[in-house]
Student: 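Handing you a structure now.
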Amino acid sequence: MLKVLIFYFSRTGNTEKMARAVAEGARTVEGVEVEMKYQTTPEELAGFDAIIIGTPTYHHDMSADMKNLLEETAVKNINLEDKIGAAFGSYGWSGEAPKLVLEILKIKFRMHSIEPPLIIKYEPDEKGLASCRELGKKVSEQLRSFKS
Ligand SMILES: Cc1cc2nc3c(=O)[nH]c(=O)nc-3n(C[C@H](O)[C@H](O)[C@H](O)COP(=O)(O)O)c2cc1C
C-alpha cells in the first residue's frame, strides 16, 4: 500500500475543511492509504510516500508547529528525498504560507513538489472544496504512476 499523509494546522477550521476534502480526493485512488494528522514527528514523516501539508497564513507565515516540525526534520537529517510533496491552506489577504512550505519541501528536502500550492480565501466554498479534492487525487495518482 502506498501511504499519503495530510498533516495540517488550522486555528478557525478553514484549513481543516480543506484538509478533509484533500483526503477525500486522495482516497479515490486505489492502492493508496491516506492518514490525516494534526500532530506528527520527523520520524513519522519518513514512513509516508507522499506528504501534503496544510497551513493557514498568519502574520505572513506558516504556523509555529509546522515550522518546528520542518526544522526538527532538518536537524535530525531525516531523509524525505524523492517523496511527493504538496501544500495548501486558507488565507485572508496574502497567503504565502503554503508557498513557503512547498519551497522547503522541494529545495531543502528534495521532494517532488506538486505545483502550485493550493490557497483558498477564508472558508472554502463548493468550488474550493472541489479543487481540494482534485489536489488530493492528483497526489495519489502521481504517487501511483511514480511508484509503478
Ligand atoms: C491575527 C491574524 C493574522 C493573520 N495574518 C494573515 C496574513 O498575514 N496573511 C493572510 O493572508 N491572512 C492572514 N490572516 C487570515 C487567516 O489566514 C484566515 O483567517 C484563514 O482563513 C485562517 O485559516 P484557519 O481557519 O485554517 O485557521 C490572519 C488572521 C488573523 C486572525
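Computed from heavy atoms alone, side chains included, the values below leave out hydrogens, waters and symmetry copies. In each ligand, atom 1 is the first atom listed, and ligand 1 is the first ligand listed.
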Student: Between Lys76 and Glu43 (salt bridge meaning N to carboxylate O under 4.0 Å), is one present in this structure?
Tutor: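 Salt bridge between Lys76 and Glu43, a charged N being under 4.0 Å from a carboxylate O: yes.
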Student: Do Arg20 and Glu16 meet the salt-bridge criterion of a basic N to acidic O distance under 4.0 Å?
Tutor: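 Looking at Glu16 and Arg20, the cut-off is met.
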Student: Considering only protein heavy atoms, which is closest to atom 11 (O) of ligand 1, and at what distance to one decimal place?
Tutor: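 Here the closest protein heavy atom is Ser94 N, 2.6 Å.
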Student: Could you find the nearest protein heavy atom to atom 23 (O) of ligand 1 and give me its residue, atom name and distance?
Tutor: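 Nearest protein contact, heavy atoms only, for atom 23 (O) of ligand 1 is Pro56 CB, 3.3 Å.
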Student: Can you tell me the protein heavy atom closest to atom 2 (C) of ligand 1 and the distance?
Tutor: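 Ranking protein heavy atoms by distance from atom 2 (C) of ligand 1, first comes Tyr58 CD2, 3.7 Å.
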Student: With heavy atoms only and a cut-off of under 4.0 Å, state how His59 meets ligand 1: side chain, backbone, both or neither.
Tutor: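 Both parts.
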Student: For Leu105 and Ser113: C-alpha separation, side-chain torsions, deciding distance, then whether side-chain contact (heavy atoms from CB on, under 4.5 Å) applies.
Tutor: CA-CA 7 Å; Leu105 297 186; Ser113 63; 5.7 Å; no
Student: From the options Ile104, Asn79, Leu45, select the one residue that forms a side-chain contact (heavy atoms from CB on, under 4.5 Å) with Thr73.
Tutor: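 Result: among Ile104, Asn79, Leu45, Leu45 is the only option passing the side-chain contact (heavy atoms from CB on, under 4.5 Å) with Thr73.
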Student: Keeping the roles fixed (side chain from Arg144, backbone from Glu30), state whether a donor-acceptor pair exists under 3.5 Å.
Tutor: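 Yes; at least one donor-acceptor contact below 3.5 Å.
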Student: Using a strict cut-off of 4.0 Å, indicate which atoms of ligand 1 neighbour a heavy atom of Tyr122.
Tutor: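 Checking each atom against Tyr122, I get 18 (C), 19 (O), 21 (O).
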Student: Provide, to 0.1 Å, the distance between atom 20 (C) of ligand 1 and the closest protein heavy atom, together with that atom's residue and name.
Tutor: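 Result for atom 20 (C) of ligand 1: Ser90 OG, 3.3 Å.
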Student: Please check if the side chain of Lys83 supplies one atom and the backbone of Gly47 the other of a donor-acceptor pair under 3.5 Å.
Tutor: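 Between the backbone of Gly47 and the side chain of Lys83 there is no qualifying donor-acceptor contact (under 3.5 Å).
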Student: Would you find a donor on one side and an acceptor on the other, under 3.5 Å apart, between the side chain of Thr15 and the backbone of Ser90?
Tutor: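 Yes; at least one donor-acceptor contact below 3.5 Å.
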Student: Using a strict threshold of under 4.0 Å (side-chain N to carboxylate O), is an ion pair present between Lys137 and Glu141?
Tutor: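 Between Lys137 and Glu141 there is a salt bridge, with a charged N closer than 4.0 Å to a carboxylate O.
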Student: Mark yes or no for whether Thr57, through its side chain, and Ala97, through its backbone, hold a donor-acceptor pair below 3.5 Å.
Tutor: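 Checking the backbone N and O of Ala97 against the side chain of Thr57, a donor-acceptor pair under 3.5 Å is found.
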Student: Looking only at distances, can you tell me whether any N or O atom of Glu16, backbone or side chain, sits closer than 3.5 Å to an N or O atom of ligand 1?
Tutor: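 No; the residue has no nitrogen or oxygen that sits under 3.5 Å from a nitrogen or oxygen of the ligand.
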Student: Which atoms of ligand 1 have any heavy atom of Gly95 under 4.0 Å away?
Tutor: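 Per the distance check, 10 (C), 11 (O).
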Student: For atom 17 (O) of ligand 1, which candidate among Thr57, Asp61, Ile119 provides the closest heavy atom?
Tutor: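 Nearest option to atom 17 (O) of ligand 1, by heavy atoms: Thr57.
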Student: Counting non-hydrogen protein atoms only, what is the nearest one to atom 8 (O) of ligand 1? Give residue, atom name and distance.
Tutor: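 Of the protein heavy atoms, His60 N, 2.7 Å lies nearest.
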Student: Could you tell me, atom by atom, which parts of ligand 1 come under 4.0 Å of a heavy atom of Thr12?
Tutor: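 Selected atoms, number and element: 22 (C), 24 (P), 25 (O), 27 (O).
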Student: Ligand 1 and Phe9, any nitrogen or oxygen pair closer than 3.5 angstrom?
Tutor: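 N/O-N/O distance under 3.5 Å: no.
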Student: Would you mind checking which non-hydrogen protein atom is closest to atom 12 (N) of ligand 1, with the distance to 0.1 Å?
Tutor: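 Answer, as residue, atom name and distance: Gly92 N, 3.0 Å.
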Student: Which one holds for Ser10 and ligand 1: side chain close, backbone close, both close, or neither close, with close meaning a heavy atom under 4.0 Å?
Tutor: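 Both backbone and side chain.
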Student: Among all protein non-hydrogen atoms, which one is nearest to atom 6 (C) of ligand 1, and what is the separation to 0.1 Å?
Tutor: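 Here the nearest protein heavy atom works out to Trp93 CZ2, 3.2 Å.
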Student: Do Lys3's NZ or CZ and the ring of Phe48 fall within the cation-pi criteria of under 6.0 Å and 45°?
Tutor: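 Relative to the ring axis of Phe48, which defines the angle, Lys3 lies inside both limits.
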